[in-house]
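One structure is given below, encoded as structure tokens.
Order of appearance sets the numbers: ligands from 1, and atoms from 1 within every ligand.
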Amino acid sequence: MVDTKALDALKSEILTAVENAADLKELDAVRVGALGKKGSISEQLKGLGKMTPEERQVAGPALNGLKTEVAAQIDAKAEDLENAALEAKLASEKVDITLPLQKGPMQRGSIHPISQTIDEITAIFSDMGFAIAEGPDIESDYYNFTALNFPEGHPAREMHDTFFMKQDEGEGSNQGKMVLRTHTSPVQIRTMETQEPPIRIVIPGRTYRCDSDQTHTPMFHQLEGLVIDKSSHIGQLRWVLEEFLTAFFEVDHVKTRFRPSFFPFTEPSMEVDVQCDRSGNEVKIGEGSDWMEILGCGMVHPNVIRNCGLDPDVYQGFAWGMGIDRIAMLKYGMPDLRDFFGADQRWLDHYGFRPLDLPTLFGGLSS
Ligand code: 2NL
């Protein structure tokens, strides 16, 4: 016989325990005590087998009903407890952004000297009216070489120690051979193809050549400049470069020396030396009796202008290119180029720049 009074008492005892469970652990103990293998309800269910069919007809539904109800109450309580735990966690983890800053050393990142140097150089050229242009690192053979007046099979192509992509790699792999750009000049080609002169742009970016020693890394940074107009001339080129060098090295004046050189994309081509003093521990720019090579430049070759769909009898221009890493080393005194890309935290702490302290011409470039 099933004792309905005892069953009611059991039910209210279990439901009270469920209601009083303070956390999920206590609730689980109640669940095991009632519905576990040896739980109070399970034990009662085991008794069904010993009953007469008549008794079982009454006791079966009563016990199973009790089991279902208890299980449902436990699930509901578990959900309440989980929600309450989440609420408590959220409340305890609330960040009060109005609190004063913690005292003591604060971890913060710094600006990499390359980024700082790019910011400084582009600030100077922006002030002179140049726009900043960028382009892809993976380029077609056409933009990297052919458009720049490197004839097919010309030894100058080999001079660049080019990284070639596998035939089917790179976004424009249907444009023939793809390469990691060996200079930023493809961006000038793309700009001349799409913009009407006058063009005044500077192009900072990553460039790649298969070369590695104390002064060469397989990835390095270049900044090139380009001016295209109807009457651009070599005197303007010299003014722009000297204006840049005085501002960048934060000196009153610089002396420059233009030596004849060769680049396929300029004619005439020149290398520029800047006056310096190497007598002390460091190289000082703008004084002394030594010269140091700092960049290459020239008047844009008529073939390059023609390749971009412009008439070289109407337009002419000048261009230059320099190694950002190299002039950063020079300005900030790092001895080894490879450390730039070594990701050593101590090097970055030492040579890095304060974030949010953007270089400006009026506030000082490197302060
Ligand atoms: C160097 C020399 C140079 C250029 C880059 C250039 C680009 C176009 C047309 C003409 Cl699209 N010239 N760029 C010109 C002269 C020199 O770089 O020694 N760079 C590190």
ILVMFWY network linking Val18 to Val32, side-chain heavy atoms under 4.5 angstrom: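 They do not share one cluster, since no chain of ILVMFWY contacts under 4.5 Å joins Val18 to Val32.
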
Thr266: numbered ligand 1 atoms lying under 4.0 Å from its heavy atoms: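 Here the atoms of ligand 1 in question are 10 (C), 12 (N), 14 (C), 15 (C).
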
Sub-4.0 Å atoms of ligand 1 with respect to non-hydrogen atoms of Cys297: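 The list of qualifying atoms is 15 (C), 16 (C).
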
Check: Glu224 N/O within less than 3.5 Å of ligand 1 N/O: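 Yes: some nitrogen or oxygen of Glu224 is under 3.5 Å from one in ligand 1.
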
Asp325: salt bridge (Lys or Arg N to Asp or Glu O under 4.0 Å) partners, not counting sequence neighbours: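 Here no residue qualifies.
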
Considering only the protein, which heavy-atom contact is closest to [atom], and what is its distance?
atom: atom 7 (C) of ligand 1; value: Gln188 NE2, 3.4 Å
atom: atom 14 (C) of ligand 1; value: Phe265 CE1, 3.4 Å
atom: atom 1 (C) of ligand 1; value: Gly321 O, 3.5 Å
atom: atom 8 (C) of ligand 1; value: Leu148 CD2, 3.8 Å

Sub-4.5 Å side-chain heavy-atom contact between Val272 and Cys297: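 Of all side-chain heavy-atom pairs linking Cys297 with Val272, at least one is under 4.5 Å.
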
Close side-chain approach of Ile189 to Asn307, heavy-atom, < 4.5 Å: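 In short, these two side chains do not touch, never coming nearer than 4.5 Å.
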
Charged tip of Arg209 within 45° of Phe163 ring normal and under 6.0 Å: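 Because its charged atom misses either the 6.0 Å distance or the 45° angle limit, Arg209 does not stack over Phe163.
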
Leu226 and ligand 1 - part of the residue with a heavy-atom distance under 4.0 Å: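 Contact part for Leu226 vs ligand 1: neither.
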
Per-residue contact class, Gln222 against ligand 1 - non-hydrogen pairs under 4.0 Å: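 Within the 4.0 Å criterion, Gln222 contacts ligand 1 through side-chain atoms alone.
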
Evaluation steps, side-chain hydrogen bond (donor to acceptor under 3.5 Å, both in side chains), between Glu120 and Gln116: CA-CA 6 Å; Glu120 291 180 13; Gln116 170 80 13; 3.0 Å; yes

Worked verdict on Tyr315 versus Asp229 for side-chain hydrogen bond (donor to acceptor under 3.5 Å, both in side chains): CA-CA 5 Å; Tyr315 291 108; Asp229 208 341; over 6 Å; no

